[in-house]
Trainee: 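If you scroll down you'll find the structure; I have some questions about it.
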Amino acid sequence: MQLQEKIKNEVIKVFKDEFNYKCSINDISIDQTPKNFSGFYTLILFPHLKSLKINLEEAGNIIGDSLIRNSEIISDYNLVKGFLNFDLKSDYLIGELSKFSSEYKSDFKKNKREIIVEFSSPNTNKPLHLGHLRNIFLGDSVSKIYKSLGYKVHKVQIINDRGIHICKSMVAWKRYGNDKSPDTEKVKGDKFVGDYYVKFEFEHKKEVFDLVKKGVSEVDAVKKSSLMKEAKSLLRKWERGDKEIIKLWKKMNGWVYDGFNSTYRSINVSFDKNYYESETYLLGKKNIEEGILKKIFYKEEDSSVWIDLSKENFDKKLLLRSDGTSVYMTQDIGTAIKRFEDFPKSEKQIYTVGNEQDYHFKVLFKILDKLGYSWAKECYHLSYGMIDLPDGKMKSREGKVVDADELISVMKDTAQKRSIELGKIDDFDGEDLTKLYQKIALSALKYHLLKVDPKKKMLFNPDESIDFQGNTGPFLLYTYARIRSIIKRAEILNIEYGKINFSIIKHISVNEKKIIDLLVNYKYILETAAESYSPSIICNYVYDLSKSYNSFYQEEKIFDGKNNETTSFKIALSDITSKVIKSLLNLLGIDITNKM
RNA sequence: GGUUCCGUAGCUCAACUGGAUAGAGCAACUGCCUUCUAAGCAGUAGGUUGAAGGUUCGAGUCCUUCCGGAAUCACCA
């Protein structure tokens, strides 16, 4: 983007020198030239025609000629209607590349800023599914993007480990479990517990059905079934701290955590701190009291506590029930405050939570703001769209979900199958192959979920496998591996490429210009991705870069036998491209491989 | 019903926030491996951007109305 700013400044000067027309940088628009026109950047003339007082063609030629004479960036131009397309000077780009190659890492040193990022945040009554994966990859990637810009990032999740849903699993296990465990059944712990949750729902439905047949209304039947009564009784016992129940609760949650941790490990994601709802669900009450004293909240006659946000275009919101117990909002207020106590230097918190809770977070941030927390205005709800299946929403209660572990396992199988088909596995031994399949599978899955704008809902069809060709993770891995193979060959041939002085190169190809133009945008892209909390921007960028490199690779021979400075330059350009691809993939949580 | 979001090639997604002839990938069809990895490259075909108006030099993007879809509006979590 720097480059566009520079061109704008040059254009301003031309306007002034040639036409005595003064305008500010905001009046000028320089766009990237669309692919079917030649050039890199385009000045749009229409808005200036009145001020320039001559016709389009004349104006375009005068501006273009003047820039060719005076610009340090622009080497040539062509005029199509009101669009003045610029070509870029080789030596300018080479200079930029040279600067970039020595600086691109060191630019992002620690900046002492800190943030908190929440993501994943599962319930302990069911295994992770595809929706969680979108959440996790998003949160993890945004964390990495901020980290790469020098922030200290605290990755946290809140585990919803208490409540009626966990009690349901407990009831079912007590009734039907016969003391089985994940170990005895050789089942992953989260799956094991999740199955009892489903069992509960199934038996409960049967019971309700029987009750309704006996003439009980459906609403009553749901409440009156023996299973539901027992679940509620367990919840009360849990809240009283009943030792038996707590023991069972700990045992079953322990199984679930083993399962979650195994999934997290398999997708290479970790957290700096876990919060458990069982420890935070009472937080916030104190803050509500303070809010009442400050007259931000008010008490109804039945002693329930509310906030009236109708002036801010929200509704009234309940904060404490009439019996004094807290609601979701209460806990979130308390937890937010606790997090900033735990990480006091943080300037903001990013919540990775689905867009079904858009309203909730708007209200939460508003309340925190009213309570006087300065960071409240900086907090951000990283809201993402749901993943729909071809026949509608995923519904965990009905078992209509795409299970995370299963999906990963299918992806690995596909990676293996494809690799064997393509005859890619000859140079590997067994253990390396397992790692390779893992990397390819995860690259495909992560990239598939991250390349879509987070805000948008996406469709997932389990019958169509995720692609490995085209705009995909494996394509990016492949491009990287290809380049590393070039570098390896350069080293074998003993061709120097790291220390060459770029300035001896006088002319470079369009392919090379495209690559450099993309490379030097690196920092701008990172900042844009961070500002918009959008890994999809990184995806688009790394795809463009890889695509441009592959065209270059295909059309221009690197090892042409001459082994002169041009060869060295091409290798150096390849080397730095691969390094940038690697760090971009790293931001997406994707591990590279040197060969595939 | 109120509020918010969405609708782009057969399918999955882009479009630098108002710029050109709306781009990629998949699927289909053509070429390119005796030379750096063909998970690649080059090309063909595919569109009234849900519909109709409006704003202006210029609209997928902004405004209005309609059609279709989703979310949310609980003393549920």
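The sequence lines fix the lettering, A, B, ..., with proteins before strands; numbering per chain opens at 1. Just so we're clear, the structure is a prediction, and the values are computed from it rather than from any experiment.
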Trainee: Is the distance between the ring centroids of A:Tyr351 and A:Phe365 under 6.0 Å?
Mentor: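 Yes, the ring centres sit under 6.0 Å apart.
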Trainee: Who is the Watson-Crick or G-U wobble partner of B:G1, with both distances under 3.5 Å?
Mentor: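 Across any shown strand, B:G1 pairs with B:C73.
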Trainee: What's the CG-C1' distance between A:Leu45 and B:G19, to the nearest Å?
Mentor: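 Whole-Å distance recorded here is 12 Å.
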Trainee: Round to the nearest Å and state the distance from A:Asn160 atom CG to B:C76 atom P.
Mentor: 16 Å
Trainee: What interatomic distance, in whole Å, is found between C1' of B:A45 and the corresponding atom of B:C36?
Mentor: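 The answer is 33 Å between these two C1' atoms.
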Trainee: Give A:Asn123 one of three labels, base, sugar-phosphate or nothing, depending on what nucleic acid heavy atoms sit under 4.0 Å from its own.
Mentor: nothing
Trainee: Which is true for A:Asn461 with a 4.0 Å heavy-atom rule: it touches a base, it touches only sugar-phosphate, or it touches nothing?
Mentor: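 No contact at all - A:Asn461 keeps every heavy atom at 4.0 Å or more from the nucleic acid.
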Trainee: Round to a whole Å and report the spacing from NZ of A:Lys456 to P of B:A71.
Mentor: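 Rounded to whole Å, this separation is 18 Å.
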Trainee: When the ring centroid of A:Tyr380 is compared with that of A:Tyr533, is the distance short of 6.0 Å?
Mentor: yes
Trainee: Any side-chain N or O of A:Lys547 less than 4.0 Å from the OP1 or OP2 oxygen of B:G25?
Mentor: yes
Trainee: Across the strands shown, which category fits A:Tyr359 at heavy-atom distances under 4.0 angstrom: base, sugar-phosphate, nothing?
Mentor: sugar-phosphate
Trainee: Is there aromatic stacking of A:Phe468 against B:A39, centre distance under 5.5 Å, plane angle under 30°?
Mentor: no
Trainee: So, taking the atom named CG in A:Leu43 and the one named OG1 in A:Thr33, what distance separates them when rounded to the nearest 0.5 Å?
Mentor: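 Reported to 0.5 Å precision, the distance equals 10.5 Å.
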Trainee: Indicate, with a heavy-atom threshold strictly under 4.0 Å, whether A:Asn550 touches base, sugar-phosphate, or nothing.
Mentor: sugar-phosphate
Trainee: Determine if the base of B:C16 is syn or anti; take syn to mean the glycosidic torsion is within 90° of 0.
Mentor: anti
Trainee: Compare the aromatic ring of A:Phe83 with the six-membered base ring of B:A20 and state whether they stack according to the 5.5 Å and 30° rule.
Mentor: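 Here the ring of A:Phe83 and the base of B:A20 are stacked, with centres under 5.5 Å and planes under 30°.
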Trainee: Does A:Arg134 count as lying over the ring of A:Tyr384, i.e. NZ or CZ under 6.0 Å from the six-ring centre, within 45 degrees of the axis?
Mentor: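 No, A:Arg134 does not sit over the ring of A:Tyr384.
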Trainee: In the structure shown, which nucleotide is the Watson-Crick or G-U wobble counterpart of B:G19, with both distances under 3.5 Å?
Mentor: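 Answer to the pairing question: B:C57, which forms a Watson-Crick or G-U pair with B:G19.
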Trainee: B:A38 phosphate, OP1 or OP2: any side-chain N/O from A:Gln554 under 4.0 angstrom?
Mentor: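 For B:A38, neither OP1 nor OP2 has a side-chain N or O of A:Gln554 closer than 4.0 Å.
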Trainee: In whole angstroms, how far is the P atom of B:G18 from the CD1 atom of A:Ile30?
Mentor: 17 Å
Trainee: Indicate, with a heavy-atom threshold strictly under 4.0 Å, whether A:Ser419 touches base, sugar-phosphate, or nothing.
Mentor: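 Base, at least one base heavy atom under 4.0 Å.
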Trainee: So, taking the atom named CZ in A:Arg418 and the one named CE in A:Met411, what distance separates them when rounded to the nearest 0.5 Å?
Mentor: 11.5 Å
Trainee: Within the side chain of A:Ser304, is there an N or O that forms a donor-acceptor pair under 3.5 Å with the backbone of A:Glu300?
Mentor: no
Trainee: Between A:His165 and A:Tyr197, does the ring centroid distance fall short of 6.0 Å?
Mentor: no
Trainee: Can you tell me, in whole Å, how much space there is between the C1' of B:G19 and that of B:U61?
Mentor: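 B:G19 and B:U61 have their C1' atoms separated by 11 Å.
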Trainee: Provide the distance between the two P atoms, one in B:G46 and one in B:G53, to the nearest whole Å.
Mentor: 26 Å
Trainee: When the distance from CE of A:Met411 to P of B:A39 is rounded to whole Å, what number comes out?
Mentor: 17 Å
Trainee: Hey, is the side chain of A:Arg489 poking within less than 4.0 Å of OP1 or OP2 on B:U35, counting only N and O atoms?
Mentor: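 For B:U35, OP1/OP2 do not have a side-chain N/O of A:Arg489 under 4.0 Å.
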Trainee: Assuming nearest nucleotide by heavy-atom distance, tell me which of A:Pro34 and A:Tyr328 is located more 5' along RNA chain B.
Mentor: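 First, find each residue's nearest nucleotide; the 5'-ward one identifies A:Pro34.
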Trainee: Atom CG in A:Leu79, atom CD in A:Glu58: separation rounded to 0.5 Å?
Mentor: 11.5 Å
Trainee: Syn if the chi torsion is within 90° of 0, anti otherwise; quick check, which is B:U55?
Mentor: anti
Trainee: Could you tell me the Watson-Crick or G-U partner of B:C66, where both distances fall under 3.5 Å? Say none if there is no partner.
Mentor: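 Across all strands, the one nucleotide that pairs with B:C66 is B:G50.
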Trainee: Where the side chain of A:Asp467 is defined as all heavy atoms beyond and including C-beta, which of B:C26, B:C11, B:C36 is the nearest nucleotide?
Mentor: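 Taking heavy atoms from C-beta onward, the closest nucleotide is B:C26.
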Trainee: Ignoring the backbone of A:Phe559, work out which of B:A71, B:C36, B:A39 is nearest its side chain.
Mentor: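 Side chain of A:Phe559 sits closest to B:C36.
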Trainee: So, does A:Arg321 get its side chain near the phosphate of B:A74, meaning an N or O under 4.0 Å from OP1 or OP2?
Mentor: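 Indeed not, no polar side-chain atom of A:Arg321 lies that close.
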Trainee: Between A:Asn355 and A:Ile44, name the one whose nearest nucleotide on RNA chain B is closer to the 5' end.
Mentor: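 Nearer the 5' end of the strand: A:Ile44.
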Trainee: So A:Asp463, base contact, sugar-phosphate only, or nothing? Heavy-atom distance under 4.0 Å.
Mentor: nothing
Trainee: State which residue, out of A:Ile576, A:Ile592, A:Thr479, A:Leu477, fulfils the side chain to side chain contact (heavy atoms under 4.5 Å, CB included) condition with A:Ile581.
Mentor: A:Thr479
Trainee: Does B:G69 have OP1 or OP2 sitting under 4.0 Å from an N or O in the side chain of A:Lys457?
Mentor: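 Looking at the OP1 and OP2 atoms of B:G69, neither is under 4.0 Å from any side-chain N or O of A:Lys457.
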Trainee: Of the nucleotides B:C73, B:A77, B:C36, which one has an atom closest to the side chain of A:Tyr553?
Mentor: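 Ranking B:C73, B:A77, B:C36 by closest atom to the A:Tyr553 side chain puts B:C36 first.
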Trainee: Just checking A:Thr42: base, sugar-phosphate only, or nothing, at a heavy-atom cut-off of under 4.0 Å?
Mentor: base
Trainee: Does A:Met458 reach a base, just sugar-phosphate, or nothing at all? Heavy atoms under 4.0 Å.
Mentor: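 Sugar-phosphate contact only.
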Trainee: With a non-hydrogen cut-off below 4.0 angstrom, is A:Phe475 in contact with a base, only sugar-phosphate, or nothing?
Mentor: sugar-phosphate
Trainee: Just the rounded figure in Å: distance from C1' of B:C13 to CG of A:Asn471.
Mentor: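 So the CG-C1' distance, A:Asn471 to B:C13, works out to 8 Å.
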Trainee: Categorize A:Lys557 for me: base, sugar-phosphate, or nothing, with a 4.0 angstrom heavy-atom threshold over every strand shown.
Mentor: base
Trainee: Which nucleotide, B:U37, B:C13, B:A42, lies nearest any side-chain atom of A:Lys424?
Mentor: B:U37
Trainee: Measure from the side chain of A:Arg418, starting at C-beta and using heavy atoms only, and say which of B:A39, B:C57, B:A77 lies closest.
Mentor: B:A39
Trainee: Just checking A:Val80: base, sugar-phosphate only, or nothing, at a heavy-atom cut-off of under 4.0 Å?
Mentor: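 Since a base atom lies under 4.0 Å of A:Val80, the category is base.
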Trainee: What nucleic acid atoms does A:Lys455 come within less than 4.0 Å of, heavy atoms only: base, sugar-phosphate, or nothing?
Mentor: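 Nothing, no heavy atom under 4.0 Å.
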Trainee: Check whether any side-chain nitrogen or oxygen of A:Ser551 sits under 4.0 Å from OP1 or OP2 of B:A42, and answer yes or no.
Mentor: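 Looking at the OP1 and OP2 atoms of B:A42, one of them is under 4.0 Å from a side-chain N or O of A:Ser551.
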Trainee: Is the aromatic ring centre of A:Phe37 closer than 5.5 Å to the centre of the six-membered base ring of B:A20, with the two planes inclined by less than 30°?
Mentor: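 Yes, aromatic ring over the base.
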Trainee: Go ahead and name the base partner of B:U44; Watson-Crick or wobble counts if both distances stay under 3.5 Å, otherwise write none.
Mentor: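 In the structure as shown, B:U44 has B:A28 as its Watson-Crick or wobble partner.
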Trainee: Roughly how many Å is it from CG in A:Asn36 to C1' in B:G19, rounded to a whole number?
Mentor: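 Taking CG of A:Asn36 and C1' of B:G19, I get 13 Å after rounding.
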Trainee: Once you apply a heavy-atom cut-off of 4.0 Å, does A:Ile440 come out as touching a base, just sugar-phosphate, or nothing?
Mentor: base
Trainee: Compare the minimum distances between each of B:A71, B:U21, B:C26 and the side chain of A:Glu356, then state the nucleotide with the smallest one.
Mentor: B:A71
Trainee: What is the distance, to the nearest angstrom, from the NZ atom on A:Lys595 to the P atom on B:A38?
Mentor: 16 Å
Trainee: So, for A:Tyr543 and A:Phe475, is the gap between ring centers shorter than 6.0 Å?
Mentor: yes
Trainee: Considering only B:A14, B:A20, B:U37, which nucleotide approaches the side chain of A:Asp453 most closely?
Mentor: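 The answer is B:A14, which lies nearest to the side chain.
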Trainee: Is the distance from OP1 or OP2 of B:A15 to the nearest side-chain N or O of A:Lys35 less than 4.0 Å?
Mentor: no
Trainee: Checking all strands, does A:Thr479 fall into the base, sugar-phosphate, or nothing category for heavy-atom contacts under 4.0 angstrom?
Mentor: nothing
Trainee: B:A38 phosphate, OP1 or OP2: any side-chain N/O from A:Arg482 under 4.0 angstrom?
Mentor: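 Indeed, a polar side-chain atom of A:Arg482 lies that close.
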Trainee: In terms of side-chain heavy atoms of A:Asp31, which of B:G19, B:A77, B:C11 is nearest?
Mentor: B:G19
